[in-house]
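Numbering of ligands and ligand atoms starts at 1, following listing order.
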Amino acid sequence: MSTITTEMQALEDFRGELVRPGEPAYDELRKVWNGSVDRRPGLIARCTGVADVRSALAFARRTGGPVAVRGGGHSFPGHSTCDDGIVLDLSLLKGIRVDPVRRTARAQAGVLLGELDRETQAFGLATPSGIVTHTGVAGLTLGGGIGWLMRKYGLSIDNLLSVDVVTADGELVTASEDENADLFWGIRGGGGNFGVVTEFEFRLHPVGPIVYGGPIMWPMTESPRLLRFYRDWITDVPDELTTAVIHRWLPALPTIPPELQGRPVVLVLACYAGPVEDGERVVAPLKAFAPPLLDLCAPKPFVALQGMFDPSFPPGRWYYMRSCDVAELTDDVIDVAAERGLAIDGPLTSYPIFHLGGAIARVPEDATAFGGRSHGHTVNFVASTLGPDGFDHQRDWVHDSWRAIEPHQVGAYVNFLTDEGPDRIRTAYGPTTYERLQSLKRTYDPTNLLHLNQNIPPV
Ligand code: FAD
C-alpha cells in the first residue's frame, strides 16, 4: 500500500472534524489565547476520542510535519499551534466524572479549569489548579500546576493519580505510581514531551464551597513597606493560606469603584483553604498593616475566587511574559519589585509574585519532574495590550524588569517560560531531573515528534 493511501486511510478513520485553510471555521479555530500568536496550521484535527488522537498522530508521523497539541490553548509562546503542520485539537474532549465517595475526578484533555471546578464543587470538593478558569487542565497539569490551593494540597501534579497517554508511536498506556511509573514521573512536570494525555485522574479535597479570600489593595507607593511587612508575615502563616502580591493598575470592573479604576496599586490576593473564621483571623494582621484603599477579601464561593482574574486575561489580547523564581523576598528583591511596579506604564500590564512553600516543598524533589520545590516565590512580569498598538513598549517593560530581577533568580517554572532557548528549560528542571527526562524522551519519543513544547530533545 502506498504511503499516500495509508495516510488517507488514517484520516478516513477520523471521527472528529478536520479543518483546513480556507474552510469557514478555520480562522476561528486556529486562534489561541495569546492574540500575538498568529499561525496557520495545515490541518486542525478536532479529536473526539483516543482513536482520533492515534489517527492524527499516525498522520503526523507519516507526513513528518510539526504536530502541535492543544488543550486549553493558553501556552504563552503559542506552542499549541504551528505553521503548516497539524494541530491536534483536544478541546472537544470535555468529559468529567466525579466520584464523591472516593474523592476522585476524571477529566478529559479538553477540560478547562472552571469546568472541572464546577463539577467538583457540586460536592464541596476541589483539586489544586490555576488562577484563571479558562486555562486548560491538560497543559497546566503537565507542567506542574500552581494555584490558590497549592500550599495546603500541593501542585496539580501532586494530586494526579493516573493518566491515559497515547505515546508518540500511537500506543495507549496508563501511567500511575503502579503502572509505567517512569512515565508517570516524567508526565508530572515534563509537559507534553512524552505523549498525548487523553484523560487525567485527580485526588479531590474538601474545599469551601465558601472560602475566605480575595484582594486587599493599597496605593502602589506603599509597595516597599508592604512587601517588607508581607515577607515577615508569611513566615508563619498556616499552609491553608496561599497568597500572591500583585502590582497593577486597577481595572474598570463593576467590583472596583469608578474613582479607583486606573489607579496603580499593590495588592495581596489571598485564599484560605479552611474554615472561614480561621481565614479571617489569619488575614487580619495583613489588613491592619495600613488602611487598605479597597478590601475585597471576604467570604465568597470558591468558584468566584477562582474566576476573579478571568476578566484581566481574556483571550485575544496580546501578551508577553518573562518569569523566574526567587528564593526569598530579600531587601534587594523588594527594591526591584517595588521599582518595577512603579514603572508599569499600561492599564493591562501587571505582575504577580506567588508565595510557594507549604505542601509543595514537602514533596521530595525527585518524586516528580517538577523543578524548584524549595523555591520561595514565582515572579511573573506580564505585558498585555488590546492588540499590536503599544505592545513593543509593554514588552520593553517586561525585558527591563527581567534584567533587574535576573541576578536574584534561582530557577523557573516551566509553564511560565516563553521561547527562551534550551538553557532556560534546563534551568527550570535542574541538571539531574533534566537528564532523567532526556532519557525518558529517548524511550517514549525518540524521534522528537512532539517537540512543540518546552522541548527536551532525546539527545
Ligand atoms: P495549550 O496551549 O493547549 O497547551 C500548552 C502545551 O501543553 C502544548 O503545547 C502541549 O505541549 C501541552 N499539552 C496540552 N495538552 C496536552 C495533552 N493533552 N497531552 C500532551 N501535551 C499537552 N499555570 C499555573 O500553573 N498556574 C496558573 O495559575 C496559571 N495561570 C495562567 C493564566 C493564564 C491566563 C495563562 C495564559 C496561563 C496560565 N498558566 C498558569 C500557565 C499554564 O499552565 C500554561 O500556559 C499551560 O500550558 C496552559 O495549558 P493549556 O492546556 O491551556 O495550553
For this session: Select one of side chain, backbone, both or neither to describe which atoms of Ala109 lie under 4.0 Å from any atom of ligand 1, heavy atoms only.
Result: side chain
Exercise. Which residue from Leu450, Leu140, Val32 reaches closest to atom 29 (C) of ligand 1 through any of its heavy atoms?
Worked result: Leu140
Exercise. Looking at atom 26 (N) of ligand 1, what's its closest protein heavy atom, distance included?
Worked result: Ile146 O, 2.7 Å
Problem set entry | Asp83 bridged to Arg40 by N-O distance under 4.0 Å | no
Problem set entry | Donor-acceptor contact below 3.5 Å, side chain Asp99 vs main chain Arg103 | no
For this session: Ignoring hydrogens, just give me the one of Phe76, Phe313, Phe354, Phe416 whose non-hydrogen atom is nearest atom 37 (C) of ligand 1.
Result: Phe76
Problem set entry | Identity and distance of the protein heavy atom lying nearest atom 50 (P) of ligand 1 | Gly72 N, 3.5 Å
Exercise. Counting only heavy atoms, which portion of Trp33 has something under 4.0 Å from ligand 1: side chain, backbone, both, or neither?
Worked result: side chain
Seminar exercise, completed: Counting heavy atoms under 4.0 Å, the part of Tyr413 that contacts ligand 1 is side chain
Exercise. How about Arg248 and Ser350: does a side-chain donor come under 3.5 Å of a side-chain acceptor?
Worked result: no
Exercise. Which pair of non-hydrogen atoms, one from Ile210 and one from Pro299, has the smallest distance, and what is that distance?
Worked result: CG2-CB, 3.9 Å
For this session: Give the intermediate values and the outcome of ring-ring contact (aromatic ring centres under 6.0 Å, His included) for residues Trp397 and Phe381.
Result: CA-CA 8 Å; Trp397 172 84; Phe381 296 107; 5.6 Å; yes
For this session: Give the intermediate values and the outcome of ring-ring contact (aromatic ring centres under 6.0 Å, His included) for residues Phe370 and Tyr413.
Result: CA-CA 8 Å; Phe370 183 85; Tyr413 169 33; 5.6 Å; yes
Exercise. What residue and heavy atom of the protein are closest to atom 15 (N) of ligand 1, and at what distance?
Worked result: Ala138 CB, 3.3 Å
